[in-house]
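A short worksheet on the structure shown next.
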There are 2 protein chains.
Amino acid sequence: MAQTVRRPAPRYGNRPTMKDVAARAGVGLKTVSRVVNSEPGVTVETERRVREAIDALGFRRNDSARVLRKGRTASVGLILEDLADPFYGPLSRAVEEVARAHGALLINGSSAEDPERERELALALCARRVDGLVVIPAGEDHRYLEPEIAAGVATVFVDRPAGGIEADAVLSDNAGGAREGVAHLLAHGHRRIGFVGDLPHIHTAAERLRGYREAMAEAGAPVDERWVSMGPTGAERVAAEAARLLSGPEPVTALFAGNNRVTVTALRVLADREEPVALVGFDDIELGDLLRPGVTVVAQDAALIGRTAADLLFGRLEGEPARPRQVKLPTRLIVRGSGELPPAGR
Amino acid sequence: MAQTVRRPAPRYGNRPTMKDVAARAGVGLKTVSRVVNSEPGVTVETERRVREAIDALGFRRNDSARVLRKGRTASVGLILEDLADPFYGPLSRAVEEVARAHGALLINGSSAEDPERERELALALCARRVDGLVVIPAGEDHRYLEPEIAAGVATVFVDRPAGGIEADAVLSDNAGGAREGVAHLLAHGHRRIGFVGDLPHIHTAAERLRGYREAMAEAGAPVDERWVSMGPTGAERVAAEAARLLSGPEPVTALFAGNNRVTVTALRVLADREEPVALVGFDDIELGDLLRPGVTVVAQDAALIGRTAADLLFGRLEGEPARPRQVKLPTRLIVRGSGELPPAGR
DNA sequence: CCCCGGTTTGACAACGTTGTCCACACTCTA
DNA sequence: TAGAGTGTGGACAACGTTGTCAAACCGGGG
């Protein structure tokens, strides 16, 4: 059994402090601070002595104390929805890049798509006094951030707008992208096109559905409401719905998948079928080019989105004035084969 | 131009402090602290008044100050190699789960496979006084962490052992997994099997190569050194090497891919070829089951690895004694088709 | 030798929180 | 009614750092 002596005093497992360094180097406390922060006004000889003491003791500045004193932390938080989603890799990397360029540390956390967790995480980061926050919302209501924003925490929402408050947001052109994707199917002769999307109250899902309707309307193709399926994007429901759309006397000849998870499930369903069914998905998927046929998708530029959000954030931090801004970024249709299949016989 | 008045005082953009709350509620400072921390010894009426003041002012405790005072931060850092790698999603989630169970916040950062960045990030997290660190090493030398570990920062390495220091580590059975994968190919009649892996000084790469050699030796199959290719796993080199192995008078009839990136590139190369070539990859890949044939892989259990590492970490934090420990976790062969192709004709 | 400019250095107070300790206001009992 | 006991509240110091400011030092010119 370990002798778990409850540490009586703080002192971080006895880490050396500037005071210790100062004592060892035989200089004043402030001189150590100056050396650590590369402030001017220290002779080379003094600096050498101080550095020697620092190395000998393994001293590392306590940033908590520094933050407490200075008021700024030079760090920003990024709250992702789901670390496993390949969409967020490049996004996070782009944000980190910009943060680095501004000398800030990026801390990221994942809400695991749980609104409560998003809230906890955001508030925990605020309690640590991050200077800013990039949030990919999991929840619908962000009023809990109001005091934080009022207190000066720069906040930018990504992928979906904030709920209940006015705040900066960087979004993809969801409606436009979906319209383009559906128009692509229409251009290849399809008239009966199914739409499988996420829950209708989710902003991106609603927007994409809107794009679908617009494209159909523009082409003068009537929409049978039974072709539209909105709901949770778990594999079971999506597979069942896709199967439903593809059966019956008048099955759809093409599918538009409302996000990458739907696309993957749809692919699995289609793989088991004889007749080819056209498919266009929103969001790129990994290995989309390796499948036969390749998967045609409407892709978002995750890196651009991340960079834009981060630029907006640091703009605010540098005192940019003005009211909250919504930036909408274009999507790109990537043609790989599955979207160009002609309607099945009959 | 924004009126960038340089903030004269800290005070975090004028956030309310406990003092402000106390003044507004007409109570003492410590009473507010007690309410905020749910400490006993406050009447319901007083608590109500305090909570009211907290809500009215939008007060949020300053954790920097708290940390400074208490000495522990209840947070651990996770340094990933590459956020975009699907392997790390479940791993990070597992670590977070365990951290949550221990009431700790998980902060994760990405080294982007850059040793210098790994170092910066690790030290930045230490400067913020995280209680512990889970590191997926990008670099080879971790002596820079020695003072931190000595000062009590619990540290666990994942996927590869630490370089230059003794520390806890959680690894997959790389040699065993590779041996199993190669044996699988041998069992399906292959004798000439190519191995395309990462740089030889990378621990996992070396171990997997060792497994390959062991399996070949066990089966009495001689290894032609021209079948082994170790180096950077960028697409160009891997594609070129795969092509080389598959050409010439005596081409290999099967490939073993040393990691998921190699697998993906190999798949692209094989997709352009007429004759089927068997393939087994180390690491699972997304959609591996959707391709035709499905991709047979040696999979690591990322969630288990993450959980194990986190358990080890919190064990240390709770005062577990003893010397650094290395845990080796088993891999699992997932049979999907590509590894069961028979050797091409001749 | 003294005083002057500039440079280098250190003492000290703050930042916002929590732990320690003591004071007060009750209640209950003798 | 006094005294002990209990339950509540607040004053104060400390955590490790940085900003302010003044002291000490140096060389050179009077």
Side-chain angles (χ1 to χ4, degrees), chain A residues 6-50 53-54 57-74 126-129 151, chain B residues 6-50 53-54 57-74 126-129 151:
Chain A
R6 201 129 174 61
R7 283 242 161 57
R11 290 213 81 199
Y12 306 93
N14 279 337
R15 289 187 93 103
T17 71
M18 284 192 178
K19 206 163 124 191
D20 302 324
V21 174
R24 177 166 181 130
V27 303
L29 183 51
K30 180 68 218 217
T31 301
V32 177
S33 170
R34 274 193 270 260
V35 170
V36 169
N37 296 295
S38 316
E39 286 170 25
V42 181
T43 49
V44 280
E45 167 54 14
T46 310
E47 166 160 3
R48 195 192 52 71
R49 283 222 314 285
V50 172
I54 288 178
L57 295 173
F59 166 80
R60 200 90 63 194
R61 178 178 64 197
N62 184 331
D63 269 358
S64 289
R66 168 172 232 254
V67 162
L68 178 59
R69 187 66 237 259
K70 301 205 73 155
R72 296 261 129 180
T73 58
C126 288
R128 310 243 153 157
R129 299 295 188 262
Chain B
R6 201 130 174 62
R7 282 240 164 56
R11 291 213 81 200
Y12 306 94
N14 278 338
R15 287 186 95 102
T17 71
M18 285 194 177
K19 207 163 125 191
D20 302 324
V21 175
R24 176 164 183 133
V27 302
L29 183 51
K30 182 69 221 226
T31 301
V32 177
S33 171
R34 274 194 269 262
V35 170
V36 169
N37 296 295
S38 316
E39 285 170 28
V42 181
T43 48
V44 281
E45 167 54 14
T46 308
E47 166 159 5
R48 195 192 53 70
R49 284 221 315 284
V50 171
I54 287 177
L57 296 172
F59 167 79
R60 199 91 62 196
R61 179 179 63 199
N62 185 330
D63 269 359
S64 290
R66 170 171 229 252
V67 162
L68 178 60
R69 187 64 238 261
K70 301 205 71 153
R72 296 260 129 178
T73 58
C126 288
R128 309 241 154 158
R129 297 297 187 262

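Each chain gets a letter, A, B and so on, in the order its sequence line appears, and its residues count up from 1.
- For L29(A) and dA14(C), the CG to C1' distance is 13 Å, given to the nearest whole Å.
- Within the structure, a side-chain polar atom (N or O) of T31(A) is placed less than 4.0 Å from OP1 or OP2 of dG10(C).
- As a whole-Å value, the separation of R72(B) CZ from dG19(C) P is 15 Å.
- For N37(B), a side-chain nitrogen or oxygen approaches OP1 or OP2 of dT18(C) to under 4.0 Å.
- OP1 or OP2 of dT18(C) lies within a sub-4.0 Å distance of a side-chain N or O belonging to R61(B).
- At a threshold of 4.5 Å between non-hydrogen side-chain atoms, the residues R34(B) and T46(B) do not count as touching.
- Between dG19(D) and K70(A), a contact under 4.0 Å exists linking OP1 or OP2 to a side-chain N or O.
- Residues satisfying the side chain to side chain donor-acceptor pair (under 3.5 Å) test with E39(B), not counting sequence neighbours, are none.
- In this structure, CD of E45(A) is placed 13 Å from P of dT8(C), rounded to the nearest angstrom.
- The interatomic distance linking E39(A) (CD) with dG10(C) (P) rounds to 14 Å, in whole Å.
- Using a 4.0 Å heavy-atom criterion, one finds that G41(B) contacts the sugar-phosphate atoms exclusively.
- Using a 4.5 Å heavy-atom cutoff, the side chains of I54(A) and V36(A) are in contact.
- Between A53(B) and R24(B), the shortest heavy-atom contact is CB-CG, 3.9 Å.
- For K30(A) and dG19(D), a side-chain-to-base donor-acceptor distance below 3.5 Å is present, hydrogens and geometry of angles not being considered.
- Look at CZ on R15(B): it is 11 Å from P on dG16(C), rounded to the nearest Å.
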